[in-house]
Amino acid sequence: MRRPDQQTTTRPTTGPAPETGAGTDANANADADADATVGPPPDGGAEGHPAGSRPSGIGPSAAHPAGDLTTEAVLAPYLRGQAADFLRSLRLHHEHSAPAESGGHDAAAATRALRRAARRISGSLHTFRAALDPHWADQLRAELAWLSGVLAREHAYANRLTRLVEALHQLSGPALPAARGARAATGEPAASDAQGRAALGVGAARAGALLERRLTLARTRSHSAALQALGSSRFHAVADAVALLASDVPLAPGTTGRTAEALLEPAERAEQRLLTAVAALPPADSEPYNEAQDAAWHQARLLLRLHRYAHEVVLGAAAPSLASCGHALDLHRDAVEAAAAAAAAARTPRIAPATAYALGVLHADQRHEVEAARAVFRETWPYATALTAP
């Protein structure tokens, strides 16, 4: 944990800039919705900081000099840049989705980039709504959320199937994994363990086939829904709105001429909502099978994403110290959804007992992955915020 006097802020600081590297984006590659696998925070990320300083490596050279720039000069270029990325990704998606194209990987990469830009535009419209035309911001944000959700489902189902099948292969290996945190009782008959391994081995193949049928069907339907959405008039209206955003950002009346300091207040509100949500998370000794606690973690993930995007707008770069904990929350979400898929498959009528047993073991394994992701988040959370519920 950090020192108790460590604080976090999105306000630029004064003084000489420390040596820094490029910021890491936790959402670049694999989002079901997390776009990328990120590494640990840079060296020095675990050290304490004086009150009012930033725990990340973003120095004032990367930050916008708020006293010299206007709100329009800071917010508008960011939104125009994300709109340009959106349109570029859309063009690449059309190119790689053509019938003559055989590279599905390129189309998937273009879809991830499209969703990445849509999320950043939508998140910025939410956080900095007061500086923008509110009617326009609310309407475009809702449409971008719809588009990002439609495009995310196919990728999510594919990743979920891969995750569950790989977990089944590991669980049905030469040894049945013991319960975590507990040791086998002394003198437990070896025949019981062998019988459990045999039952799991028999059921794992059937469970894998059942999961593949269910998730492949869901993925196919999601793919069809995505193609239908991309050809709809609703999507073309969204694309037209983003194309206009690339050249003109509708600001709220009276925003023109205001200094960029006006952006700090909504950014810090987003940060405070995140800190409050993290402080209210369940304690480390909570029951991992209590699915009612998942919602609080999902909310923290969404608030962390909004905070990261606000950080990019105000300071001009991502916060490297938030990359690892953001990735942990992405893994948490994936494990929660995988466990839910295993439980749903186990409720299939008239399945064999061995199949139900394998799915039960798989569900337990994924819930332990949920617990592991929460532990990683607590270890990598860089701010001096209590990680236990009051």
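- Residues A341 and L211 come closest through the heavy atom pair O-CD2, 4.1 Å.
- With a 4.5 Å cut-off on side-chain heavy atoms, T111 and E154 do not count as touching.
- Q272 is not listed as a side-chain neighbour of R269, based on a closest heavy-atom distance of 4.5 Å or more.
- Atom CZ of R206 has 12 or fewer heavy atoms from other residues, nucleotides or ligands within 6.0 Å.
- Of all the heavy atoms in A296 and L281, the pair that sits closest is O-CD2, 3.6 Å.
- Counting heavy atoms from C-beta outward, D133 and L251 have side chains that stay 4.5 Å or more apart.
- In this structure, CZ on R374 lies 13.5 Å from CG on L331, to the nearest 0.5 angstrom.
- Closest approach of L168 and A204 over heavy atoms only: CD1-O, 3.8 Å.
- The two residues L161 and E212 make their nearest non-hydrogen contact at CD1-CA, 3.6 Å.
- Formation of a donor-acceptor pair under 3.5 Å by the S122 side chain with backbone atoms of A118 is not found in this model.
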- Message: The test is side-chain contact (heavy atoms from CB on, under 4.5 Å); show your working for W136 and L125 and say whether it passes.
- Response: CA-CA 9 Å; W136 167 83; L125 296 181; 3.6 Å; yes
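- In this structure, V165 is not a member of the same hydrophobic cluster as V336, with clusters built from ILVMFWY side-chain heavy atoms closer than 4.5 Å.
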- Message: What verdict does the salt bridge (charged side-chain N to carboxylate O under 4.0 Å, His left out) test give for R367 and D294, after you've listed the backbone C-alpha separation in whole Å, the side-chain angles of each residue and the deciding distance to 0.1 Å?
- Response: CA-CA 11 Å; R367 290 306 302 184; D294 295 342; 2.9 Å; yes
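- No continuous path of ILVMFWY side-chain contacts below 4.5 Å connects L302 to L144, so the two sit in separate hydrophobic clusters.
- Side chains of V314 and F128 form a contact here, defined as non-hydrogen atoms less than 4.5 Å apart.
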- Message: Could you go through R129 and D138, starting from their C-alpha distance and side-chain angles, then the distance that decides it, and tell me whether this counts as side-chain contact (heavy atoms from CB on, under 4.5 Å)?
- Response: CA-CA 8 Å; R129 179 179 182 272; D138 291 344; 2.8 Å; yes
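- We find the CG-CG distance between L274 and L306 to be 9.0 Å, quoted to the nearest 0.5 Å.
- Counting heavy atoms of neighbouring residues, nucleotides and ligands inside a 6.0 Å radius, atom CZ of R221 does not exceed 12 of them.
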- Query: Going through the distances and angles, do H307 and L322 end up as a side-chain contact (heavy atoms from CB on, under 4.5 Å)?
  - Reply: CA-CA 10 Å; H307 171 55; L322 298 176; 3.4 Å; yes
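- Two residues are said to be in side-chain contact when any heavy atoms from C-beta on lie closer than 4.5 Å; V313 and Y309 fail this criterion.
- For the atom pair D330 CG and R305 CZ, the distance stands at 6.0 Å (nearest 0.5 Å).
- Counting only heavy atoms from C-beta outward, the side chains of T355 and T348 never approach each other to under 4.5 Å.
- Contact detail for L87 and A246: the closest heavy-atom pair is CD1-CB, 4.2 Å.
- Side-chain contact between L303 and V278: absent, with no pair of heavy atoms (C-beta onward) separated by less than 4.5 Å.
- Side-chain atoms of R308 do not come within 3.5 Å of backbone N or O of A323 as any donor-acceptor pair.
- In the hydrophobic clustering of ILVMFWY residues, with side-chain heavy atoms under 4.5 Å counting as a link, V376 and W297 come out apart.
- Side-chain contact between L92 and D106: absent, with no pair of heavy atoms (C-beta onward) separated by less than 4.5 Å.
- Side-chain N or O atoms of H363 include none that pairs as donor or acceptor with a backbone N or O of A340 at under 3.5 Å.
- Between R333 and H298, the side chains place no donor N or O within less than 3.5 Å of an acceptor N or O (distance only, hydrogens not considered).
- Between the NE2 atom in H311 and the OG1 atom in T127 there is a gap of 13.0 Å [rounded to 0.5 Å].
- Going from atom CG of L359 over to atom CG of D365 covers 12.5 Å, rounded to the nearest 0.5 Å.
- Of the inter-residue distances, the one linking T71 atom OG1 with L132 atom CG reads 10.0 Å to the nearest 0.5 angstrom.
- Counting all heavy atoms, side chain and backbone alike, L79 lies closest to S124 at CD2-CB, 3.8 Å.
- Panel note: side chain S148, backbone A145; no donor-acceptor pair is recorded below 3.5 Å.
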- Please test R160 against Y157 for side-chain contact (heavy atoms from CB on, under 4.5 Å), starting from the C-alpha separation and ending with a verdict. CA-CA 5 Å; R160 199 169 305 153; Y157 285 125; 3.5 Å; yes
